[in-house]
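Structure first, commentary second.
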Amino acid sequence: HKLLIMDDDVDKLADVVRPKLEEVAENYNACVTQALPTMLELLPRGCSKAVGVEKLCEALGIQTEEELLAVGDAENDAGMLAMAAVGVAVGNASPPARDASDLVLEYSNDEGGAGLAMEIFALNIHEGP
């Protein structure tokens with residue numbers, strides 16, 4: 001389960017709500033992450049996209065550090081990007097996603113960045129960005 005908190009005021013979410021939510025998370029063995037600038041997520045510690053993808057890969061016999069291509073743009077993608085054999089952030093990615101990636105593409109998710117990553121690394125259609 002997770003709690004989503006949404007507000008169009010991104011500064012309020014970052015400067016007022018997130019610090020208070022981090023305090024709650026600390027007291028209840030939870031963590032705070034962000035998928036969109038207008039949305040915070042509170043979820044149990046140890047739950048993440050990285051954990052879900054890792055479990056799926058285990059079930060499918062995929063070695064994450066050798067065979068997994070992960071593409072992302074948000075803070076909640078950072079763990080998944082870091083554990084993948086190749087982690088790719090699209091052009092509009094947040095700083096945590098960029099920092100966790102092996103490559104940051106010029107193209108955003110709206111400009112086909114995720115598709116380009118798949119063409120380059122999974123389908124070998126292009127030589128590179």
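Since the model is a prediction, treat every value here as computed from it, not as a measurement.
With a 6.0 Å radius and a threshold of 12 heavy atoms from other residues, nucleotides or ligands, E26 has its CD atom at or below the threshold. The environment of CG in D15 is crowded: more than 12 heavy-atom neighbours from other residues, nucleotides or ligands sit within 6.0 Å.
Across all non-hydrogen atoms, the minimal contact from P96 to A78 is O-CB, 3.7 Å. Of all heavy-atom pairs between H1 and P44, the closest is O-CD, 3.1 Å. Among all heavy-atom pairs drawn from A50 and G79, the shortest one is CB-C, 3.6 Å. G113 and L105 make their closest contact through O-CD1, 3.2 Å (heavy atoms, listed as atom of the first residue, atom of the second, distance). Of all non-hydrogen atoms in A74 and A35, the two that sit nearest each other are CB-O, 3.2 Å. Contact detail for P19 and A14: the closest heavy-atom pair is CD-O, 3.5 Å.
For L69, the side-chain contact (heavy atoms from CB on, under 4.5 Å) partners at least two apart in sequence or on another chain are V71, V86, V88, M118, F121, A122. Applying the side-chain contact (heavy atoms from CB on, under 4.5 Å) test to C31 and every residue at least two apart in sequence or in another chain returns L43, R45. In this structure D9 satisfies the side-chain hydrogen bond (donor to acceptor under 3.5 Å, both in side chains) test with no other residue, sequence neighbours excluded. In terms of the salt bridge (charged side-chain N to carboxylate O under 4.0 Å, His left out) criterion, residue partners of D7 (sequence neighbours excluded) are, by chain and number, K12. Applying the side-chain hydrogen bond (donor to acceptor under 3.5 Å, both in side chains) test to D99 and every residue at least two apart in sequence or in another chain returns nothing. Taking the side-chain contact (heavy atoms from CB on, under 4.5 Å) definition, one finds that Y28 meets it with V24, sequence neighbours left out. With sequence neighbours left out, the side-chain hydrogen bond (donor to acceptor under 3.5 Å, both in side chains) criterion links E22 to R18. Listed by chain and residue number, M80, L81, A84 satisfy the side-chain contact (heavy atoms from CB on, under 4.5 Å) test with A70 (two or more places apart in sequence, or in another chain). Residues satisfying the side-chain hydrogen bond (donor to acceptor under 3.5 Å, both in side chains) test with D77, not counting sequence neighbours, are K49.
Proximity of a side-chain donor or acceptor of Q34 to a complementary backbone N or O of P37 within less than 3.5 Å is detected. Distance alone, capped at 3.5 Å, places no donor-acceptor pair between the D73 side chain and the A97 backbone.
Contact of the I5 side chain with the L13 side chain is registered, since non-hydrogen atoms from C-beta on lie closer than 4.5 Å.
Interatomic distance, NZ of K20 versus CG of L40, reported as 13.0 Å (0.5 Å rounding). In this structure, T33 OG1 and N76 CG are separated by 4.5 Å, a value rounded to the nearest 0.5 Å.
Pairs engaging residues 51-66 under the salt bridge (charged side-chain N to carboxylate O under 4.0 Å, His left out) rule: none recorded [sequence neighbours left out].
Hydrophobic side-chain contacts under 4.5 Å tie V10 to no other Ile, Leu, Val, Met, Phe, Trp or Tyr residue. Cluster partners of M6 are L4, L36, M39, counting Ile, Leu, Val, Met, Phe, Trp and Tyr whose side-chain heavy atoms approach within less than 4.5 Å, directly or via other members.
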Please walk me through it: do L68 and C57 pass side chain to side chain contact (heavy atoms under 4.5 Å, CB included)?
-> CA-CA 8 Å; L68 179 64; C57 287; 4.1 Å; yes

